[in-house]
Amino acid sequence: MADETIVEGPAAEAAAPEAREGRGRGRGRGNDRGGGGGDRGGDRGRGRGGDRDRRGRGNNDEDGGEELIEKLVHINRVSKTVKGGKRFGFAALVVVGDGKGRVGFGHGKAREVPEAITKATASAKKKMVRIPLKEGRTLHHDGKGRFGAGKVNLRSAPAGTGIIAGGPMRAVFESLGVHDVVTKSVGTSNPYNMIRATFDALTDQTSPKSVAQRRGKKVADLLGRGGAAPVEAEAAAEAIVE
């Protein structure tokens with residue numbers, strides 16, 4: 001067996017890379033497998049991060065660079081008992097809107113709270129719907145919605161009323177851009193059912209303009225049926241934006 005030479009000081013530091021290369025070549029195939037596994041793991045980690053970055057940029061492009069209002073409504077924590085202890089998971093419910101008549105909700109699940117919120121926000125952005133608003137501040141007409149045991153009643157309100165709604169429903173109207181509305185929830189306090197019932201009522205909202213187009217009439221003709229004078233009906237029809 002050849003004698004081993006011990007090198008100390010700067011010469012040892014300079015020779016260290018060569019020694020490591022020699023040891024790597026000496027280990028042979030097993031070391032190659034280990035190195036390959038490390039490379040694959042690193043590539044896999046970089047790939048996931050890159051996918052998340054691309055998804056984030058895609059959402060911004062779809063939104064057209066506009067600022068969205070994101071509101072976290074509810075976080076639920078669940079635990080699963082396993083052999084080593086308890087494994088926790090989180091579910092987030094998020095409402096997203098542009099404050100100008102578009103709103104959506106989504107929920108996401110993950111092992112960590114930030115990741116669950118990110119998933120829920122991305123889901124909400126994909127499911128945004130447009131709701132017609134009267135004068136950009138309230139609903140055109142009253143409405144009712146239902147989902148499961150949850151029932152909600154929505155009523156349009158005059159200027160200065162404010163948002164009379166509680167919990168999850170308030171988050172929906174603030175994100176939607178409604179400033180005056182009166183609501184009542186009956187039957188459940190489950191935030192998931194309340195929000196779904198609220199969206200059920202909002203999707204039934206129609207504007208005089210859409211009704212007039214569907215019937216092949218003028219907006220003034222529809223407004224004049226309520227007993228309003230023709231001049232008042234014309235002025236109200238011109239004031240309707242949506």
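What you see is a predicted model, and the numbers here were worked out from it, not measured in a lab.
Applying the salt bridge (Lys or Arg N to Asp or Glu O under 4.0 Å) criterion to Glu112, with sequence neighbours excluded, gives no partner residue. Phe199 pairs by the ring-ring contact (aromatic ring centres under 6.0 Å, His included) definition with Phe105, not counting sequence neighbours. In terms of the side chain to side chain contact (heavy atoms under 4.5 Å, CB included) criterion, residue partners of His107 (sequence neighbours excluded) are, by chain and number, Leu93, Tyr192, Arg196. By the ring-ring contact (aromatic ring centres under 6.0 Å, His included) test, Phe173 pairs with no residue at all, sequence neighbours left out. Residues satisfying the side-chain hydrogen bond (donor to acceptor under 3.5 Å, both in side chains) criterion with Lys119, sequence neighbours excluded, are absent altogether. Qualifying salt bridge (Lys or Arg N to Asp or Glu O under 4.0 Å) partners for Asp200, counting only residues two or more places apart in sequence or in other chains: none. Partners of Asp142 according to the side chain to side chain contact (heavy atoms under 4.5 Å, CB included) rule, which considers only residues two or more places apart in sequence or in another chain, are Arg155, Ser156. Annotation: side chain to side chain contact (heavy atoms under 4.5 Å, CB included) contacts of Lys134 (sequence neighbours excluded): Thr138, His140. Partners of Asp180 according to the side-chain hydrogen bond (donor to acceptor under 3.5 Å, both in side chains) rule, which considers only residues two or more places apart in sequence or in another chain, are Arg137. Taking the side chain to side chain contact (heavy atoms under 4.5 Å, CB included) definition, one finds that Ala197 meets it with Phe147, Val152, sequence neighbours left out.
Panel note: side chain Thr198, backbone Met194; a donor-acceptor pair is recorded below 3.5 Å. No donor-acceptor distance shorter than 3.5 angstrom exists from the side chain of Ser175 to the backbone of Val172, with no hydrogens or angles considered. A distance-only check finds a donor-acceptor pair linking the side chain of Gln205 to the backbone of His141 [under 3.5 Å].
Under the 4.5 angstrom side-chain criterion for Ile, Leu, Val, Met, Phe, Trp and Tyr, the cluster partners of Ile164 are Val182. Think of Val78 as one node in a network of Ile, Leu, Val, Met, Phe, Trp and Tyr side chains linked at under 4.5 Å; it has no links at all.
Across Gly97 and Met128, no two heavy atoms sit closer than the pair CA-CE, 4.0 Å. Scanning both residues, Ala171 and Val95, for their nearest heavy atoms gives O-CG1, 4.0 Å. Considering every non-hydrogen atom in both Val73 and Pro168, the closest pair reads CG1-CB, 3.7 Å. Smallest separation of non-hydrogen atoms from Arg77 and Phe90: CG-CE2, 3.4 Å.
The existence of a salt bridge linking Glu115 and Lys109 is excluded, since no basic side-chain nitrogen approaches an acidic carboxylate oxygen closer than 4.0 Å.
Residue Leu176 is tested with Asp98, Ile69, Val129, Leu133 for a side chain to side chain contact (heavy atoms under 4.5 Å, CB included); the sole match is Leu133.
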